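Notes follow once the structure below has been shown.
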Amino acid sequence: MRCIGRRLWKGLRVIDARTLNEPDEIFDALLTHLREATNDGRIVPVMSVFREWLPDEEEIRIWNHQLIRYAGYQKSGGSVLGDPLNVELTNLAISLGWSPPIEPGPFDLLPIIIQVGDSLNYYELSRSHVREVLIRHPKHSFIEDMNLRWYAVPVVSDMIFATGSALHPCAPFSGHYLGTEIGARNLADSNRYDKLPEIATRLGLDTSIQRNLWKDHALVILNEAILWSFDQEGVRISDHHSASDDFLKFCEQENKEGRDVSAEWSWIVPPISGSATSVFHRHYLKNPVYPNFLLQKAAWETRNGKRLLAADRGEQGSNQSVLEA
Ligand code: ARG
């Protein structure tokens, strides 16, 4: 419904991980996923399917929204160091025993929290598993001085994979980035890294008024920087104009085969320059189809998740991060 990159689906590599049960093996499988998807920068779409949900069996869940996430540290004055979106996950990781680096920074990798039945474990990701790109701009050197970076592969890990007959609560999947996801949302939104005011100021624009469109100018510079930096480092990324054209090609191909394409307009249309892209100028059906990825309640908000956290907190004294209930 939400993916603009569907022309790539036919190249999807599926890793069958349905026999795995041990948290250590699951973590290993996730590292394999990351390595294969990263493919040395030539990112390919991958999904890993873990055991299906059955009422009498241990449920497998990854608590992180994505395998790679940057920590968000809530500071006493109310501001956040890092990604404000991940403050809750960061606090959960800390409550399970994870220690942030001695000098916390804006782009610290969070551990992956894996639940198998009643056991909850966290695993640290080393930077060698995570390809990242430093953000630079071909003409504005101050962008490099801002020390911005982003990871190469978004692996969504908290959605439920519904085949139509079975539910897989753990089935992480990944494609490659669309520049605007990073440049117009993650680093730009005022409730994320909020970098537009600084970029505009360094461009010499007056941020006390709106009519000079300082935000828009800053957005274009930041989005140019994202695409350019990924290109320079040989990491695959799409721009929103090409991705829009590709999506419409996909719709055409599907229609030729007699199939309708369902989509959510607000997700397909990019967050900048919407009307300058081809996907803006039409509407889409919204018929649910299977197989599909669906949203599920955050793991720590389920009855089971709350029980596990409460039990783990009870064990803090023994300094255990691993819980066997
Ligand atoms: N929007 C999310 C992010 O910026 C990633 C969602 C999946 N995106 C993708 N290109 N497969 O991290």
Side-chain angles (χ1 to χ4, degrees), residues 1-14 30 33-34 36-39 41-48 62 64-72 82-90 106-110 112 125 130-133 135 148-161 171-196 219 222-223 225-227 229-231 235-244 246-247 250 263-264 266-272 274 277 279 292-296 298:
M1 281 286 206
R2 295 173 164 184
C3 177
I4 193 171
R6 300 184 205 187
R7 277 238 291 177
L8 297 160
W9 285 2
K10 56 181 184 310
L12 178 70
R13 158 146 169 63
V14 181
L30 299 178
H33 181 132
L34 273 178
E36 296 200 2
T38 307
N39 194 28
R42 296 178 300 279
I43 299 167
V44 289
V46 175
M47 71 182 278
S48 298
I62 293 170
N64 313 51
H65 164 61
Q66 290 182 28
L67 294 187
I68 304 170
R69 295 263 82 183
Y70 294 127
D83 193 342
L85 191 65
N86 302 326
V87 167
E88 196 172 14
L89 186 64
T90 305
F107 298 102
D108 294 343
L109 295 173
L110 283 171
I112 300 181
L125 273 176
V130 179
R131 182 79 179 249
E132 289 175 290
V133 175
I135 309 305
L148 303 175
R149 55 165 80 201
W150 205 257
Y151 50 86
V153 190
V155 191
V156 174
S157 50
D158 62 351
M159 291 179 84
I160 193 161
F161 176 54
F173 62 96
S174 54
H176 63 262
Y177 264 115
L178 185 63
T180 53
E181 296 183 271
I182 306 168
R185 304 297 314 278
N186 303 347
L187 295 178
D189 278 0
S190 55
N191 58 359
R192 298 290 300 284
Y193 281 84
D194 193 20
K195 293 296 172 189
L196 300 182
L219 275 167
L222 180 55
N223 279 275
I226 302 291
L227 293 173
S229 308
F230 273 64
D231 284 349
V235 175
R236 189 170 193 189
I237 193 161
S238 290
D239 70 85
H240 46 294
H241 301 287
S242 316
S244 298
D246 270 358
F247 182 71
F250 173 83
E264 280 185 48
S266 63
W267 278 73
I268 297 296
V269 173
I272 53 168
T277 64
V279 288
N292 211 331
F293 284 99
L294 310 173
L295 297 169
Q296 57 184 335

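Note that this is a predicted model, so its numbers are computed, not measured. Note that ligands are numbered from 1 as they come in the structure, with each ligand's atoms numbered from 1 the same way. All heavy atoms count here, side chains included; hydrogens, waters and symmetry mates do not. All residue numbers in this chain count up from 1 along the given sequence.
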Item checked: atom 4 (O) of ligand 1: nearest protein contact (heavy atom, Å) -> N186 ND2, 2.8 Å
Notebook entry, point to check: Of the protein's non-hydrogen atoms, which lies at the shortest distance from atom 5 (C) of ligand 1, and what is that distance?
Noted result: E181 OE2, 3.2 Å
Checklist line | Check against side-chain contact (heavy atoms from CB on, under 4.5 Å), H176 and L8 | finding: CA-CA 10 Å; H176 63 262; L8 297 160; 3.2 Å; yes
Notebook entry, point to check: Short question: side chain of R6, backbone of M1 - any donor-acceptor pair under 3.5 Å?
Noted result: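 Between the backbone of M1 and the side chain of R6 there is a qualifying donor-acceptor contact (under 3.5 Å).
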Next item on the list: Indicate yes or no for a side-chain donor-acceptor contact from S48 to the backbone of A171 under 3.5 Å, with no hydrogens or angles considered.
Entry: no
Check: Under 3.5 Å between some N or O of ligand 1 and some N or O of W150?
Finding: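 N/O-N/O distance below 3.5 Å does not exist for this pair.
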Item checked: Backbone or side-chain N or O of S174 under 3.5 Å from ligand 1 N or O ->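 Between S174 and ligand 1, no N or O pair is found under 3.5 Å apart.
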Note to self: A quick test of your reading: do over 12 heavy atoms of other residues, nucleotides or ligands sit less than 6.0 Å from CZ of R185?
What the structure shows: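 12 or below, so no.
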Margin query: Once rounded to the nearest 0.5 Å, what's the spacing between atom CG of L294 and atom CE of M159?
Written below: 6.5 Å
Say whether [X] and ligand 1 are in contact under the criterion: heavy-atom distance to a ligand atom below 4.0 Å.
| X | result |
| --- | --- |
| Y151 | yes |
| Q66 | yes |
| R2 | no |

Next item on the list: Return the orientation label for the Y193 and Y70 ring planes: parallel under 30°, perpendicular over 60°, tilted otherwise.
Entry: perpendicular
Notebook entry, point to check: For ligand 1, which atoms sit closer than 4.0 Å to a heavy atom of Y177?
Noted result: 3 (C), 4 (O), 10 (N), 12 (O)
Item checked: Ligand-residue contact atoms, ligand 1 with P154, heavy atoms, under 4.0 Å -> 5 (C), 8 (N), 9 (C), 10 (N), 11 (N)
Margin query: Checking contacts here: is it the side chain or the backbone of R69 that comes within 4.0 Å of ligand 1, counting heavy atoms only? Could be both or neither.
Written below: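 The part of R69 near ligand 1 is the side chain, not the backbone.
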Notebook entry, point to check: In terms of side-chain heavy atoms, does H240 have a donor or acceptor partner in T277 at a distance below 3.5 Å?
Noted result: no
